[in-house]
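Here the structure is a predicted model, which is why all the values come from computation and not from measurement.
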Amino acid sequence: MKKLFTTLSNIWKIQELKERILFTLVILLVYRFVSHVVLPGVDATALGDNEKSGILGLLDMFAGGSFSRVSILALGVMPYISASIVVQLLGIAVPSFQKMQKEGESGRNKLNQITRYLTVAITAVQAVGYVKTQVPVEAILIDHTLFFVLSTFVLSAGTLFVMWLGEKITDKGVGNGISLIIMVGIIARLPIALQQEISSRFVGDGGLIALVLEIVALFAVVMFTILIVQGVRKVPVQYAKRIVGNRQFGGVRQYIPLKVNAAGVMPIIFAQALMFIPTTLTQFFPSLQNTWLIQFSDPTSLAYSLTFAFLIIAFTFFYTAITVNPVQMSDDMKKNGGFIPGIKPGLSTSSFIDDVISKITFPGSVFLAIIAILPSIAVKFGIKSEFAHFYGGTSLLILVGVVLDTLQQIESYLLMRHYDGLMKTGRVTGRTGLPAATTTGSSSAVI
């Protein structure tokens, strides 16, 4: 406990770090305040219980409840995330985008600008759909045509505002701006969910013992998730020794940290989108409600969980294959005079890296599938669905990933100023010499 207070004191002594943390907190407070501002022309009292479920519930979670509140930030950062994924996939398939990825800082600036333009286009389309389908007619106070046009512009401006806040946090805060905004939105739902769970336990069955067991189980799940997120396979790389003048370069052994879960939360998002197709079909075609498709309307059913897990495993392999390029890693290693001991440079190195990735991706995908279906298992044990979301799935992976990345940012400032880190052991300290950004080929974003 004494070391904890000493570390917090050291954080406050670093002027730059203190200013970045305070700036980040102010921006997040602004975001949470604006997220409660309802669209102009909407009667907030007429919205009633506008709670969302399914894929809309996932969007509402990412938006911190703004989606169901019909806020001016209802679309949140989802259009920006969609645009980022599209640009990332184009970087794999389109040669011109691949060229920009290799141009360094100037190429990244071009890709960021394309992402912004694509965000505007996606936001405009989604704003039209949101106003048409998610705003109750009885809650609209002004002319419907005027409201439709006005809300489209306001929602588009709201998403751009959130994107701007995220970029400011990345530039002047502790980094990971968009991810922090999503994390704050998810955490904002935790107090209500915890209150509901406590009330249900003390009013209904279980009592204090059941509640304590739930908290202990949640702690164990979080620890398990941290292991998956932080798990890496270190591939040793030896660099040839070169002498230039009186200085020696290379001649040292380093490691390539291949992540066990290189795909992040993307497989869960893709699989979840596909799992809502049967439910959508039964809504549009009522005759299908008496078929086998009705099994997939219940997320806690065995058929739903098994299919969901299988899709996650398949998408994990797919997304890892398109984001982690062993051939490029082998070429970069060869250009820098590096080689894996016992493996010939070139094709043999890329084949070895590909084999290692395949071996660690399978257990990673299985563990990811287990994390994804844990909320359904928690509901089966009598836990409220709102609180069960924190037992796994996208929300828990985002929370763990963002918190660890933020701790690594703070840790780097402490070590750079020759202070003790946040922890004496563990990878978050950075004492292994492996910075978080060295995972070649993996997505830099948390989701």
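- For the ring pair (Phe, Tyr, Trp, His ring centres under 6.0 Å) test, no residue two or more places apart in sequence or in another chain qualifies with Phe147.
- Between the Ser395 side chain and the His389 main chain, a donor and an acceptor come within less than 3.5 Å of each other.
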| Steps toward side-chain contact (heavy atoms from CB on, under 4.5 Å) verdict (Phe219, Ile215) | CA-CA 6 Å; Phe219 178 79; Ile215 300 299; 5.7 Å; no
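- In this structure, OG1 on Thr320 lies 7.5 Å from CG on Asn261, to the nearest 0.5 angstrom.
- Minimum interatomic distance between Ala262 and Val324 (heavy atoms only, all atoms of both residues): CB-CG2, 4.1 Å.
- The CG atom of Leu213 lies 10.0 Å from the CD1 atom of Ile383; values are rounded to the nearest 0.5 Å.
- Evaluation of the side-chain hydrogen bond (donor to acceptor under 3.5 Å, both in side chains) rule for Gln196 yields no partner, not counting sequence neighbours.
- In Ile192, the CD1 atom is not crowded: 12 or fewer heavy atoms of neighbouring residues, nucleotides or ligands sit closer than 6.0 Å.
- Of the possible polar contacts, none joining the Gln134 side chain to the Val70 backbone as a donor-acceptor pair under 3.5 Å is found.
- A donor-acceptor pair is defined here as one N or O able to donate and one able to accept, closer than 3.5 Å; no such pair exists between the side chain of Ser151 and the backbone of Phe148.
- Between Leu75 atom CG and Ile122 atom CD1 the span is 11.5 Å, to the nearest 0.5 Å.
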| task | Apply side-chain contact (heavy atoms from CB on, under 4.5 Å) to Val38 and Arg69, showing your working. | result | CA-CA 7 Å; Val38 181; Arg69 286 194 296 266; 5.7 Å; no
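- Of the possible donor and acceptor atoms, one in the side chain of Ser365 sits under 3.5 Å from a partner among the backbone N and O of Phe362.
- A salt bridge links Lys110 with Glu103: the closest approach of a Lys/Arg side-chain nitrogen to an acidic carboxylate oxygen falls below 4.0 angstrom.
- Here the closest non-hydrogen pair linking Ser66 and Tyr130 is O-OH, 4.3 Å.
- Residues satisfying the side-chain hydrogen bond (donor to acceptor under 3.5 Å, both in side chains) criterion with Lys359, sequence neighbours excluded, are Asp355.
- No donor-acceptor distance shorter than 3.5 angstrom exists from the side chain of Thr159 to the backbone of Thr123, with no hydrogens or angles considered.
- Across all their heavy atoms, Thr152 and Val131 have their closest contact at N-CG2, 4.5 Å.
- Val232 has its side chain out of reach of Leu258: every pair of non-hydrogen atoms, C-beta onward, lies at least 4.5 Å apart.
- Looking at every heavy atom in both residues, Ile373 comes nearest to Ser305 through CG2-O, 3.8 Å.
- The closest side-chain heavy-atom distance from Gln408 to Asp405 is below 4.5 Å.
- You'll find the side chain of Arg201 stays beyond 4.5 Å of the side chain of Leu208, heavy atoms only.
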| Can you list the steps and then say if Glu167 with Arg116 is a salt bridge (charged side-chain N to carboxylate O under 4.0 Å, His left out)? | CA-CA 11 Å; Glu167 291 180 351; Arg116 294 187 184 101; 3.0 Å; yes
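- Side-chain atoms of Phe367 and Ile370, non-hydrogen and from C-beta on, do get closer than 4.5 Å to each other.
- Shown here are the ring pair (Phe, Tyr, Trp, His ring centres under 6.0 Å) partners of Phe317, two or more places apart in sequence or in another chain: there are none.
- At distances below 3.5 Å, at least one donor-acceptor pair connects side-chain atoms of Ser71 with backbone N or O atoms of Ser35.
- Below 30°, between 30° and 60°, or above 60°: for Phe387 and Phe390 the angle between ring planes is between 30° and 60°, a tilted geometry.
- With sequence neighbours excluded, no residue satisfies ring pair (Phe, Tyr, Trp, His ring centres under 6.0 Å) with Tyr80.
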| task | Applying side-chain contact (heavy atoms from CB on, under 4.5 Å), run through Arg233 and Ile357 and close with a yes or a no. | result | CA-CA 9 Å; Arg233 165 73 156 83; Ile357 292 173; over 6 Å; no
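- Side-chain atoms of Val260 and Gln230, non-hydrogen and from C-beta on, never get closer than 4.5 Å to each other.
- In plain terms, the two heavy atoms of Arg20 and Asp171 that are nearest each other are NH1-O, 3.3 Å.
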| message | Using side-chain contact (heavy atoms from CB on, under 4.5 Å), reason through Arg32 and Leu29 one step at a time and then give a plain yes or no. | response | CA-CA 5 Å; Arg32 289 304 302 165; Leu29 285 174; 5.7 Å; no
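- Remark: side-chain polar atoms of Thr170 are paired, donor with acceptor, to backbone N or O of Gly177 under 3.5 angstrom.
- Using a 4.5 Å cut-off on side-chain heavy atoms (C-beta onward), Thr323 and Gln88 make contact.
- How far OG of Ser358 is from CD1 of Ile353: 12.0 Å, rounded to the nearest 0.5 Å.
- Note: Thr24 OG1 to Ile169 CD1 = 5.5 Å, rounded to the nearest 0.5 Å.
- Between Leu397 and Leu368, some side-chain heavy-atom pair lies under the 4.5 Å cut-off.
- Here the closest non-hydrogen pair linking Val154 and Ile72 is CG1-CG2, 3.6 Å.
- Partners of Phe97 under the ring pair (Phe, Tyr, Trp, His ring centres under 6.0 Å) rule, at least two apart in sequence or in another chain, do not exist in this structure.
- Panel note: side chain Tyr391, backbone Glu214; a donor-acceptor pair is recorded below 3.5 Å.
- A distance of 8.5 Å separates CD of Gln98 from CG of Asn325, quoted to the nearest 0.5 Å.
- Among Leu399, Asn176, Val77, Val162, the one residue that satisfies the side-chain contact (heavy atoms from CB on, under 4.5 Å) test with Ile182 is Val77.
- No side-chain heavy atom of Lys18 sits less than 4.5 Å from a side-chain heavy atom of Ile21.
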